[in-house]
Amino acid sequence: MKRKMIVMAMATILMTGLNACKTTTVERVDTDSVQDLSGNWNDTDSRLVSSRMVSDMMSRKWLTNYQVKKGANPVLIVGAVRNLSHEHINTRTFISDLERELINSGEVEFVASSKERGEIRAERQDQANNASMGTQNVAGEETGADFMLKGQINTIFDAAGDTQVKYYQIDLTLISLKDNRKVWLGQKKIKKVLETGRFR
Amino acid sequence: MHKLYTLGLLVLFLSGCASYSNSFQQIESLLVQQKPQEALVELEKKPASGRDRLLYLLDKAMLQRMSGLFAESNTTFEEAKKLIASLRATSLVEQAGAVTINDSAMSYEGEDFEQVLIHVYEALNYIALGQLDEARVEALQVDERLKQLSEGEDNIKEDAFSRYLAGLVYEAEHELDEAMIAYRKAYEAYQYESEALPKLLKKDLLRLTYQLGLMDEFVKYKKEFDMDDSFIEDAIGRGEVVVLLHAGLAPIKRSTSVFVNADDGVPVRISLPVYQSRKLAFSSARLTVGTTSVDLEVADDIDAIARASLESHKAAMTARLIARAIAKAAISKQAEKQGGEIAGFLADVAALATETADTRSWLTLPKRIYLSRLPMDDGEYQASLSLLGQQGEVIQNVNLGLITVRSGEKTFVEKTVVALPRLQ
């Protein structure tokens, strides 16, 4: 009995000792590396989905049709991407990922969103009052967008025992502002299987 | 002589290990004085990191939202959710502690109803922030959580208010079909919890079945509720004021000792937690918007749900406690045999001193959530709440300020009244 007690005491000391030497370690990793921690929507998903969907969008007919007909690149604006999923997804990073992919493709022109426009207009107003004539940008010369990109993120979630299946579906729609025509529909699906441990 | 010693030592030990619910007094008194910010400062002085971490997070999130820090509150709730997910896996070390010492040796994982209420309050925070899509995420999560819970054997199967709130969120998002499903589930859940069906829900069921053209169901509800349906046309398309009143504080767990007979007829002493309700200084409330008045209804009786939840665990808990008492007795017998009388005596003292009930619970929850919905025309209105006594006399008026109503939209107003505000 005595020996058992000593063993237990030593085990306790050992365990508290181990807890105490947990220190913070920092390791820098490439932002392109895949790191799945909780199985939730993360930066990798946002990046992969935006780049795949934009490259799909750029390879479809609506683009060449427009370019041939108008002799210029179409002008786009990104509208709302609604999060209708089970998770609190930061749609702003997803939208900026989309914008970056679109602009860098060089095939489309891009205009500022309605929120950004307000700030630009205020600046232009300020220029009209304070900037020298040669450097002023006058109002009324904004480029109107031809298409608006809208989207939503949906999830289906299933769990049994220690296994969970997460299914994400991201739908993007490109709508012509002139006549409400939908010129492109994109869809990307992600499926993740999670196994959770029984003991900690 | 022996007995006297034991008693003295016992008192010494007991005062040393004050249970969780006792340490809450200061925060509670600040809440009663309507000073949630100061209560938050007080709580943050002693951040818990170990087994009571979840309780600390829950109380912190609640005090943050009472102080109007809704975004911060949600960050804290998210941390709590992550913690719960990680605690779902069993810890062998803690289990061993719970078998030999007491239940407080286990990390607090939250009662089922408490876990559901995390989603409820997070959704309300998002509503307060004007982020309905994010509140909708919580509505989906609560559905998922309840699905998981209902698969467990001694878990709760439904939670009425969270279903009802989900319906409200869907309605605010103009998703009537989703709202209908949520209200149907709320209807079933109120029956499961054997709580009275709020009149509000009856009206919603009638209105939505009518709006969605589910005429068979409409007729069924109309017959069952025996209600006049003239309110429907009055409500459709108009704006609506939704008022939630979080009243009082949830019941507090106390430890009681009882002697029960083990299988071999030997009486053993075990400590069980029992809930002690906290008083509410008013018995009903009335909302006045402009010139229209309506009574609030109890939408969530947390006090009753907490009691029912404890009652449902009681059998399993008692069995576990008896097993532990027997194990402790065996240890002291062993100690006496091998280490003499003093060792046996010491083991006895240790066994008794460590035998306290697990009195941990989320204490900053309200006792009840009252709800009212009032269709209104476009415009700005002065709104106030009247807190009423037992005879319906006005005890206190609470000003809700100026409310803007826009047609087809919902205006949410929340108020927390822990105790009656003192008249100056």
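As a basis for the values below, the full set of heavy atoms in this structure was taken, side chains included, without hydrogen atoms, waters or symmetry mates.
If you take CD on B:Q141 and OG1 on A:T155, they are separated by 9.0 Å, rounding to the nearest 0.5 Å. A distance of 9.0 Å separates NE2 of A:H86 from CZ of B:R136, quoted to the nearest 0.5 Å. Distance OG1/A:T91 to CG/B:D133: 8.0 Å, rounded to 0.5 Å. Interatomic distance, A:F157 CZ to B:Q148 CD, rounded to the nearest 0.5 Å: 6.0 Å. Taking CD of B:E134 as the start and CD1 of A:I89 as the end, the distance is 9.0 Å to the nearest 0.5 Å.
For a residue to count as touching a neighbouring chain, one of its non-hydrogen atoms must lie under 4.5 Å from one of that chain's; by this rule B:E122 touches chain A with the side chain only.
Crowding of A:K182 atom NZ: a count of heavy atoms from other residues, nucleotides or ligands under 6.0 Å not exceeding 12. Heavy-atom contacts from other residues, nucleotides or ligands closer than 6.0 Å to CZ of B:R51 number 12 or fewer. The environment of A:R121 atom CZ is dense: over 12 non-hydrogen atoms of other residues, nucleotides or ligands sit within 6.0 angstrom.
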- Message: For B:E173 and A:R82: C-alpha separation, side-chain torsions, deciding distance, then whether side chain to side chain contact (heavy atoms under 4.5 Å, CB included) applies.
- Response: CA-CA 12 Å; B:E173 292 260 66; A:R82 285 188 73 192; 3.2 Å; yes
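Looking at heavy atoms from C-beta onward, A:H88 lies out of side-chain contact with B:Q131 at the 4.5 angstrom threshold.
Across all non-hydrogen atoms, the minimal contact from A:L84 to B:L140 is O-CD1, 3.4 Å.
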